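Here is the structure we will look at, set down as structure tokens.
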Protein chains: 2
Amino acid sequence: MALIDSVVMRGLSTQGVLSSEDKALLLGLELSPRYMSANEVLWQESAEADLFCMVKEGWAYSYRNLKNGSKQILKFYLPGDIIGIRDFGFTRRLSGAAMINKGVVYPFSYQQLFELFGRSNLAVGIMATAMRQQAQLSERLIYLGKYAAHEQLAHFLYEIFLRLKRINAVEDNSFLMPLTQELISDALGMSPVHVSRTFSMLRERGLVIRERQHVMLPDPEALARLVEFNDSYIDELLPPSFSELLRASP
Amino acid sequence: MALIDSVVMRGLSTQGVLSSEDKALLLGLELSPRYMSANEVLWQESAEADLFCMVKEGWAYSYRNLKNGSKQILKFYLPGDIIGIRDFGFTRRLSGAAMINKGVVYPFSYQQLFELFGRSNLAVGIMATAMRQQAQLSERLIYLGKYAAHEQLAHFLYEIFLRLKRINAVEDNSFLMPLTQELISDALGMSPVHVSRTFSMLRERGLVIRERQHVMLPDPEALARLVEFNDSYIDELLPPSFSELLRASP
DNA sequence: GGCTATCCATAACCTATGTTAAGTTAGCAG
DNA sequence: CTGCTAACTTAACATAGGTTATGGATAGCC
């Protein structure tokens, strides 16, 4: 079993894009099988992220346990899929992963991927950027699935708050948000009317003050607690291990 | 303005991971500003995908217009964010993108990214794999947001059907799906009871026959029409242009 | 064979959110 | 200033989907 069995690699291969060295690299990866039983956990949420798994047999899924006791499944993985790309560029797993039925997976390390990437630290950076975007998307998915409107909106506002803070666009817990309630409703998948209702509710609770485009969060921490915000996915730094791995690459 | 202003690159840079050549490459990218007015469209859904945009000033968003007349916003972009990574590895845009207020963006081409990636065709492949995953996530987000339960479930089943077909795990429009209704409910963000109700409804309409783990779609096309399935995001081939770009790389 | 635990179907009832509509406010053009 | 429009608020009503509960079917196990 080689990484080249994964679907996109197969595409690259059949289109003649991969050089013979490329193919040799992929085929020589020495992937060794790991036999999994049904329901066996590949990794837990927040575990250290240091490897991928290519699914050879069986189905798996990635998931997040939610504070309200339920869980949100992010994706089902079928044979040929790669689990764990989502966490590339993060120190810890953003979601857990487990088998559904019994099967076989081929783990390979981030280290091995670095080697494939060769000299291109830039490629790693671009990739990490892309994965950050995916992480934000996943978080939204989670909130769309199982949380009430006021939690969704609170989460949305707090995320914007953090992202703006990173670029120094927040002052005194206030920022400019050039969005109409209609745009917000299209993003959160709720009706414009309900966005308004929900803003009113958050205002009454003293969590959000909004005057047209000016938004103020009097107590951002309270808002974060309300949604149990896990800000690791916004985090801008790459894992410390990356520095070593990158310098170690040929 | 250089790509290095993008957040992750800044991280890589401050951690000393980027070599001086890397930095020179990034700084020398000759990004030229494009001044955008409010509501100006960067690209339409299904347009040819050949460039990214780094946002310098203003807010933007990516979106999909839905058959029911509404639209789903996938993401808001703030200054420093890169728009269009999502479509890397696809021939056409999976979502449109537009400015919210006026601003400035720096476009750069996939070609330029290829050069950054250097010799590593493999890196391109891995990246494309990751972007395919993100695309699947986006599709689910869209369905979670604005569609009724029976449309969500139909979409879910049809996606599984296509993915299994690619790996030859479908025979006579039947396949094995080792999922309980509870797992499906955790994926779709609805209650297990409603998953059952919805299966019953699809069965009555003659669209899905399900006997424990055995699923049959008597008329897959009818199901696809019901959800207006756009299968380009499942497509396994990379754009033809990739072959040329990759071979052209130094 | 019978026992037990899952998984699933259906029903009755409840609630969050959608829909429609009417009214208020702020900004902007003339 | 006057009037117009877009953005927002609030209210009244409708409904999709959540919740709780019950019973039936199937698979595994002794």
Side-chain angles (χ1 to χ4, degrees), chain A residues 37-39 59 66 68-73 100-102 143-157 176-205 208-216 226-227, chain B residues 38-39 59 66 68-73 100-102 143-157 176-205 207-216 226-227:
Chain A
S37 54
N39 300 310
W59 288 34
L66 307 184
N68 55 27
S70 64
K71 75 178 165 198
Q72 175 70 43
I73 292 178
I100 291 170
N101 45 11
K102 81 189 180 75
Y143 271 80
L144 269 178
K146 305 263 173 139
Y147 285 105
H150 69 275
E151 294 168 308
Q152 275 186 60
L153 184 57
H155 181 269
F156 176 80
L157 291 172
L176 207 83
M177 182 173 73
L179 304 177
T180 62
Q181 293 190 354
E182 196 184 352
L183 277 175
I184 296 174
S185 79
D186 284 336
L188 299 187
M190 64 178 88
S191 69
V193 174
H194 204 55
V195 171
S196 174
R197 278 198 281 248
T198 309
F199 263 118
S200 304
M201 177 189 172
L202 291 178
R203 182 183 348 107
E204 276 158 30
R205 290 211 205 167
V208 177
I209 297 167
R210 179 167 155 282
E211 173 77 22
R212 302 188 55 77
Q213 307 200 340
H214 299 273
V215 178
M216 177 174 172
L226 174 63
V227 296
Chain B
N39 298 311
W59 288 34
L66 308 184
N68 56 27
S70 65
K71 76 179 166 196
Q72 175 69 44
I73 292 177
I100 290 169
N101 46 10
K102 81 189 179 80
Y143 272 80
L144 267 179
K146 304 264 173 136
Y147 286 105
H150 70 276
E151 295 168 308
Q152 275 186 61
L153 183 57
H155 181 270
F156 176 80
L157 291 172
L176 208 84
M177 183 172 73
L179 305 177
T180 63
Q181 292 190 354
E182 195 183 352
L183 277 174
I184 297 175
S185 80
D186 284 336
L188 300 187
M190 63 179 90
S191 69
V193 175
H194 204 55
V195 171
S196 173
R197 278 197 280 248
T198 310
F199 263 117
S200 303
M201 177 189 172
L202 292 178
R203 182 183 349 107
E204 277 158 29
R205 290 209 204 171
L207 291 169
V208 177
I209 297 168
R210 179 169 156 284
E211 173 77 20
R212 308 219 130 244
Q213 307 200 341
H214 299 273
V215 179
M216 177 175 172
L226 174 64
V227 296

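Numbers restart at 1 for each chain; the letters A, B, ... are given by sequence-line order, proteins then strands. Remember, predicted model here, so these are calculated numbers, not experimental data.
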So which atom in [X] and which in [Y] form the shortest heavy-atom distance, rounded to 0.1 Å?
| X | Y | answer |
| --- | --- | --- |
| B:Ala154 | B:Leu226 | CB-CD2, 3.8 Å |
| A:Ser185 | B:Lys146 | O-NZ, 4.1 Å |
| B:Leu157 | B:Leu202 | CD1-CD1, 4.4 Å |
| B:Leu176 | A:Trp59 | O-CZ2, 3.5 Å |
| B:Gln72 | B:Gly145 | OE1-CA, 3.8 Å |
| B:Leu144 | B:Leu188 | CD2-O, 3.1 Å |

Those residues that, when tested against B:Ala148, pass side chain to side chain contact (heavy atoms under 4.5 Å, CB included) (two or more places apart):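 So B:Ala148 forms a side chain to side chain contact (heavy atoms under 4.5 Å, CB included) with B:His150, B:Glu151.
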
Contacts of B:Val215 that satisfy side chain to side chain contact (heavy atoms under 4.5 Å, CB included) - sequence neighbours left out: B:Phe175, B:Met177, B:Val208, B:Arg210, B:Leu217

Within 6.0 angstrom of A:Glu182 CD, more than 12 heavy atoms from elsewhere: no

N/O (side chain, B:Gln181) to phosphate O (OP1/OP2, C:dA9) under 4.0 Å: yes

Produce the list of close N/O pairs, under 3.5 Å, pairing protein atoms with atoms of nucleotides 21-26 of chain C; give distances to one decimal.
none

First-last contacting nucleotides on DNA chain D - partner chain A, under 4.0 angstrom, heavy atom: D:dA7 to D:dA12

Whether the side chain of [X] engages the backbone of [Y] through a donor-acceptor N/O pair (distance < 3.5 Å, no angle test) should be reported.
| X | Y | value |
| --- | --- | --- |
| B:Ser196 | B:Pro192 | no |
| A:Asp186 | B:Ser70 | no |
| B:Tyr147 | B:His155 | no |

Gap between atoms CE and P, on A:Met190 and C:dG18 respectively (whole Å): 7 Å

Sugar-phosphate only, base, or nothing, as touched by B:Thr180 at under 4.0 Å among non-hydrogen atoms: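 It contacts sugar-phosphate atoms only.
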
Sugar-phosphate only, base, or nothing, as touched by A:Ser191 at under 4.0 Å among non-hydrogen atoms: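 Base contact - A:Ser191 has a heavy atom under 4.0 Å of at least one base atom.
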
From CZ (B:Arg212) to CG (B:Leu179), nearest 0.5 Å: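 These two atoms lie 13.5 Å from each other.
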
Upstream residue (5' side of DNA chain C) when B:Val195 and A:Val195 are each assigned their closest nucleotide: B:Val195

Within residues 144-153 of chain B: residues closer than 4.0 Å to DNA chain D (heavy atoms): B:Ala148, B:Ala149

Overall bend - the helix from C:dG1-D:dC30 to C:dG30-D:dC1, comparing terminal axes fitted on five pairs, nearest 10 degrees: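 What I find for the helix from C:dG1-D:dC30 to C:dG30-D:dC1 is an axis angle of 40°.
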
